[in-house]
Amino acid sequence: MTPRVRFAPSPTGYLHVGAARTALYNYLFAHHNGGTFILRSDDTDKDRGSDEFQEDILEHLRWLGLEWDEGFAVGGPHGSYRQSDRYDRYREVARDLVDRGSAYYSFATAGQLDAFKQEAREAGTSPAYDGSLEPSEAEASERLAAGETAVVRFRVPRPGATEFADVVRGDMRFDHAQVDDFVILRSDGTPTYHLASTVDDVDYGITHVIRGEDLLSSTPKHILLTQAIGGNPVTYAHLSLLMGPDGKKLSKRHGDTAMAVYSEAGYLPESMNNYLALLGWNPGEDDTILPLEEMVRRFDLDTVSKNPAVFDPKKLEWMNGVYIREMGDAEFIAVTLPLVEEAVGRTLSDEDRLRYAMLVPLVKERAKLLPEVATQARFLFVDVDEYDEKAWSKVMAVDEGPVALDGAIAALEGLDPWTTEAIDTALRAMLEESELSARKGLQPIRVAISGSTVSPPLFESLEILGRDDSLARMRRARAALS
Ligand code: GLU
């Protein structure tokens, strides 16, 4: 039997990086085992759910390349894979469970339930609600017939316990003395998460449920429901939640948790997948840089750790830099050209593109995020329109500024050929003659040609910019100093 797994996000928020890791592990597990990766929309919460969140989830799963084989928005043999389309099915199952005695209509009010729990605690008995406040079956039928509303609760077998072997967490045991007769259908006829999720898992033939640890305590309920419905047993794997660098549950406090922020900031989906995969899974052999296909080849759910993993944006950024460096120049140009053109404000001409291609090896080597490439390349295509204020006051408007620029202009004016090596030699000679350190003598040139102290390596930049533009920019900066 090939595995069938599902990722089942509720569209009540943007795709969270932790949820993306859950999706990725489902994807890796399915692909490694020749199984099916299904996407389900758990959209039963009409108050908190929105189309915008739903769209965001789809968009970023696709951005990550975690395409699903079956499910929401792509279809399959089980309909829309959207829970809000299946209320009739959930009601039918709830009614059937009532008919067979596995569930019952419950009239107990919140106040009565509180009192029940309070008394149980005081008496030292189990506080799990066991249905003992309910009317007889005959009375219940009468009250329903008279139009009274009731929820439907699952009848948890007592005494008893549910045991299962969680792939990640090991042997688990939940004593039913701790499990309430839980609600499966609300009084308005809408299903709870427990009912909808379990019915879907059974109907869709799900074999493995891989999800966050926050749902671990729901699992005995899902197992009991699955048995009562007559579904096939499911294997569970509960992943540890992601932590911030301070060891607390990853949240907004730690910075950005929405995948959209990372895709917009210029992270590559490849590095994001790679980084997320390593949060809990060790591929072995000390390897850290693994493309998706390689992760698919090696993925083993049995080796996923139950220790909490820390989401560290600094490490993600480092990994992104590794992926950028490993890109071929052509691919790098293809993904960065639109960013450069946006920064420059026009389409690049053929000549501009040649210039950009010359710069690429220099910026690719250093970049951690793609947009910084555009910022660094901009000077090649637009004249300096303003100087960075701090750079100006720190390196230009000081004694060394005019000395360095005068020296550089004199050294470069008649330089032939205009190559990186020749520029290097000429400017180093200038530094020696003017008794300037490399920092004090070269930074003004950098600010003159790029407007800031951050630019690709200087000698190469000058070569690519060309003699005329370079000298014109230095003269203009020099003039602004007198
Ligand atoms: N819809 C649930 C959530 O977003 C997950 C359901 C599940 O994986 O069982 O938390």
Side-chain angles (χ1 to χ4, degrees), residues 3-30 35-58 60-61 66 68 70-73 78 80-87 90 154 162 164 166-169 172 174 182 184 190-226 229 231-242 249-251 257-259 280 301 304:
R4 288 174 62 80
V5 298
R6 84 305 193 272
F7 175 53
S10 306
T12 51
Y14 300 107
L15 183 68
H16 186 281
V17 289
R21 186 196 52 165
T22 301
L24 174 64
Y25 279 21
N26 274 283
Y27 175 95
L28 294 174
F29 180 76
T36 307
F37 174 47
I38 297 161
L39 178 70
R40 184 174 97 196
S41 173
D42 282 11
D43 64 339
T44 56
D45 188 340
K46 285 290 158 220
D47 295 337
R48 294 193 304 135
S50 81
D51 289 346
E52 188 193 340
F53 293 142
Q54 186 72 74
E55 273 313 306
D56 178 87
I57 293 168
L58 299 186
H60 291 96
L61 286 175
L66 304 179
W68 49 105
E70 185 182 314
F72 182 64
H78 299 287
S80 73
Y81 297 82
R82 178 160 62 189
Q83 293 191 326
S84 60
D85 290 335
R86 288 172 46 83
Y87 283 5
Y90 306 136
F154 185 81
T162 294
F164 62 99
D166 188 279
V167 179
V168 176
R169 323 206 82 77
M172 306 300 304
F174 289 85
F182 52 98
I184 56 174
T190 60
T192 59
Y193 156 65
H194 303 305
L195 180 67
S197 181
T198 308
V199 171
D200 285 356
D201 286 342
V202 169
D203 286 355
Y204 301 167
I206 299 303
T207 59
H208 295 72
V209 166
I210 305 167
R211 63 185 174 193
E213 191 190 359
D214 51 330
L215 295 168
L216 183 63
S217 64
S218 297
T219 301
K221 298 174 183 167
H222 300 181
I223 291 175
L224 288 168
L225 262 174
T226 304
I229 298 171
N232 289 321
V234 171
T235 301
Y236 291 90
H238 287 90
L239 310 173
S240 294
L241 302 184
L242 299 187
K249 187 177 160 208
L250 186 66
S251 72
T257 54
M259 191 55 75
L301 196 57
V304 167

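Sequence positions, counted from 1, serve as the residue numbers for this chain. We use all heavy atoms of the structure for the numbers below, so side chains are in, but hydrogens, waters and symmetry mates are not. Both ligands and their constituent atoms are indexed starting at 1 by order of listing. The shown structure was predicted, so the numbers you read here are calculated from the model rather than taken from an experiment.
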Nearest 0.5 Å, please: how far is CD1 in I38 from CD1 in I206? 4.0 Å
Main-chain N/O of T22 paired to N26 side chain as donor or acceptor, under 3.5 Å: yes
Heavy-atom distances under 4.0 Å are what count here, so tell me which part of F7 touches ligand 1: side chain, backbone, both or neither. neither
Between V209 and ligand 1, find which residue part has any heavy-atom pair under 4.0 Å and reply side chain, backbone, both or neither. neither
Show me which atoms of ligand 1 lie under 4.0 Å from any heavy atom of [X].
{"X": "Y193", "result": "6 (C), 7 (C), 9 (O)"}
{"X": "S197", "result": "9 (O)"}
{"X": "R211", "result": "7 (C), 8 (O), 9 (O)"}
{"X": "A8", "result": "1 (N), 2 (C), 3 (C), 4 (O), 5 (C), 6 (C)"}
{"X": "R6", "result": "7 (C), 8 (O), 9 (O)"}
{"X": "S10", "result": "1 (N), 2 (C), 3 (C), 4 (O)"}
{"X": "D42", "result": "1 (N), 2 (C), 6 (C)"}

Are side-chain N/O atoms of T12 and D45 paired as donor and acceptor at under 3.5 Å? no
Using the salt bridge (charged side-chain N to carboxylate O under 4.0 Å, His left out) rule, take R6 and D200 through it: C-alpha gap first, then chi angles, then the decisive distance, then the call. CA-CA 10 Å; R6 84 305 193 272; D200 285 356; over 6 Å; no
Begin with the C-alpha distance, continue with both residues' side-chain angles, and end with the deciding distance and a verdict on side-chain contact (heavy atoms from CB on, under 4.5 Å) for F182 and T192. CA-CA 9 Å; F182 52 98; T192 59; 5.6 Å; no
Could you find the nearest protein heavy atom to atom 10 (O) of ligand 1 and give me its residue, atom name and distance? L215 CD1, 4.2 Å
How close do L216 and F174 get, counting heavy atoms only, and between which atoms? O-CZ, 3.9 Å
For this output row, return yes or no: ring centroids of H194 and Y90 closer than 6.0 angstrom. no
